Protein chains: 2
Amino acid sequence: MSDDSLWAALADPHRRAIVALLLERPRPVGEIVEACGLSQPSTSKHLRVLRDAGLVRVRQDAQRRVYALDPAPIAELDAWLAPYRKLWSTSLDALGRRLDETVTDTAAETAAAPGESSDEEDADTSTTSPKD
Amino acid sequence: MSDDSLWAALADPHRRAIVALLLERPRPVGEIVEACGLSQPSTSKHLRVLRDAGLVRVRQDAQRRVYALDPAPIAELDAWLAPYRKLWSTSLDALGRRLDETVTDTAAETAAAPGESSDEEDADTSTTSPKD
DNA sequence: CTCCAATATGCCTCTGCGGTTATATGCCAG
DNA sequence: CTGGCATATAACCGCAGAGGCATATTGGAG
């Protein structure tokens, strides 16, 4: 499935930033404008795209419009990458070893020890937080 | 980190189709061209984008170039939506109640609301909040 | 060496997206 | 009713991206 509008909406880094903002708590537009440093109309357009993709919902509070995150589409994303998840659970270590061997940027003597590196501190693929 | 090129690469439905194709098994370019119904140069450009995003790698076999999927960036995606995953897995009902309270554009069927007005969202910073 | 097959790359066009400025709409206060 | 605030929309511009055609490049066959 993987709705095209969902991917298109999340393709923009500003919109991902907005989604990350709304992950913490619902916010009115003015707060979002101030946070992502864009002009108000531009932010409003981004919010419209997110709304059309179903990623956010609006609650009208007087003149303010409070946007809140709707996790359902992101669950769709999760469902999309479900088939891929088994890939890195099975063969990621072997492949990661190859990649780690390829990179070897400023490592001291990591390459000298074949297959006994028990605690590697890089482990970058898990500590990522949705921040732009 | 949520690399922009990764999202940009997956934003295109053709490229997602290619990724899905390579999920089954590695394939040479000709096969991908035939599968996604585009011209060969266009497909080659898409493959270049996927390559630059690190999503695929190439193995040269005579004149053929066999493309294979690299699951690591998709793992990055998984890490990105990790903070959101708890939204629909743990507090789905509570959040759903809040969403039910929100007024959407199509306020057709959500007319009858029982008497309750104390609306003050509780900030849940207990999660791994993606700081700005 | 020459030819062919497979793929990548260079132009060109065109559509769409993101941004800005100006304006419309809606809601509350006075 | 009128003014002001908060937000959405419209009109417009610039640019990046996606598609096609023609061509360069590379590796193998004869």
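All values below come from the heavy atoms of this structure, side chains included, with hydrogens, waters and symmetry mates left out. Letters A, B, ... mirror the listed sequences (proteins, then strands); counts begin at 1. In this text the structure is predicted, and so the values were computed from the model without any measurement.
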Worksheet item: Under 4.0 Å between a side-chain N or O of His46(B) and OP1 or OP2 of dG19(D)?
Response: yes

Worksheet item: More 5' along DNA chain D: Arg15(B) or Pro28(A), using each one's nearest nucleotide?
Response: Pro28(A)

Worksheet item: With a 4.0 Å cut-off on heavy atoms, is Arg51(B) in touch with a base, just the backbone sugar-phosphate, or nothing at all?
Response: nothing

Discussion item. Please confirm whether the shortest side-chain N or O distance from Tyr67(A) to OP1 or OP2 of dA8(D) is below 4.0 Å.
Written reply: yes

Worksheet item: What integer distance in Å separates Leu47(A):CG from dA8(D):C1'?
Response: 10 Å

Worksheet item: Of the candidate nucleotides dT20(C), dT7(D), dT7(C), which contains the atom at the shortest distance from the side chain of Ser44(B)?
Response: dT7(C)

Worksheet entry | Nearest listed nucleotide, side chain of Arg65(A), among dG27(D), dA8(D), dA18(D) | dA8(D)

Worksheet entry | Separation of dC4(C) P from Gln40(B) CD (nearest whole Å) | 18 Å

Fill in: Atom-to-atom span, CZ of Arg59(A) to P of dT7(D) - whole angstrom
13 Å

Discussion item. Using modelled atom types and a 3.5 Å cut-off, is there a donor and acceptor pairing between side-chain atoms of Arg27(B) and backbone atoms of Val66(B)?
Written reply: no

Discussion item. Please compare Ala8(A) and Ser42(B) by the position of their nearest nucleotide in DNA chain C and report the one closer to 5'.
Written reply: Ser42(B)

Worksheet item: In whole angstrom, what separates Leu38(A)'s CG from dA8(D)'s P?
Response: 14 Å

Discussion item. Just verifying a value: how many Å separate Leu38(B) CG and Ile18(B) CD1, rounded to the nearest 0.5 Å?
Written reply: 7.5 Å

Worksheet item: Could you state the CG-P distance from Asp52(B) to dA18(D), rounded to the nearest angstrom?
Response: 12 Å

Worksheet item: Backbone N or O of Leu10(B) within a donor-acceptor pair of the Arg16(B) side chain at under 3.5 Å?
Response: yes

Discussion item. Side chain of Ala62(B), heavy atoms from C-beta onward: which of dG19(C), dT20(C), dG28(D) has the nearest atom to it?
Written reply: dG28(D)

Discussion item. I need the CD-P distance between Gln60(B) and dA6(C), as an integer number of Å.
Written reply: 14 Å

Worksheet entry | Expected output: side-chain Arg15(A) to main-chain Ala9(A) donor-acceptor under 3.5 Å | yes

Practice prompt. Using the closest heavy atom to pick a nucleotide of DNA chain C for each, name whichever of Pro41(A) or Ala11(A) lands nearer the 5' end.
Written response: Ala11(A)

Item to complete: Could you tell me whether the side chain of Lys45(B) has a donor or acceptor atom within less than 3.5 Å of a complementary atom in the base of dG17(D)?
Response: no

Practice prompt. Quickly work out the Asp61(A) CG to dG26(C) C1' distance and round it to whole Å.
Written response: 14 Å

Discussion item. If I take atom CD in residue Gln63(A) and atom P in nucleotide dC5(D), what distance separates them, rounded to the nearest angstrom?
Written reply: 10 Å

Discussion item. Determine whether Arg51(B) and Tyr67(B) satisfy the following criterion, side chain to side chain donor-acceptor pair (under 3.5 Å), listing intermediate values before the conclusion.
Written reply: CA-CA 9 Å; Arg51(B) 220 171 104 85; Tyr67(B) 279 77; 5.2 Å; no

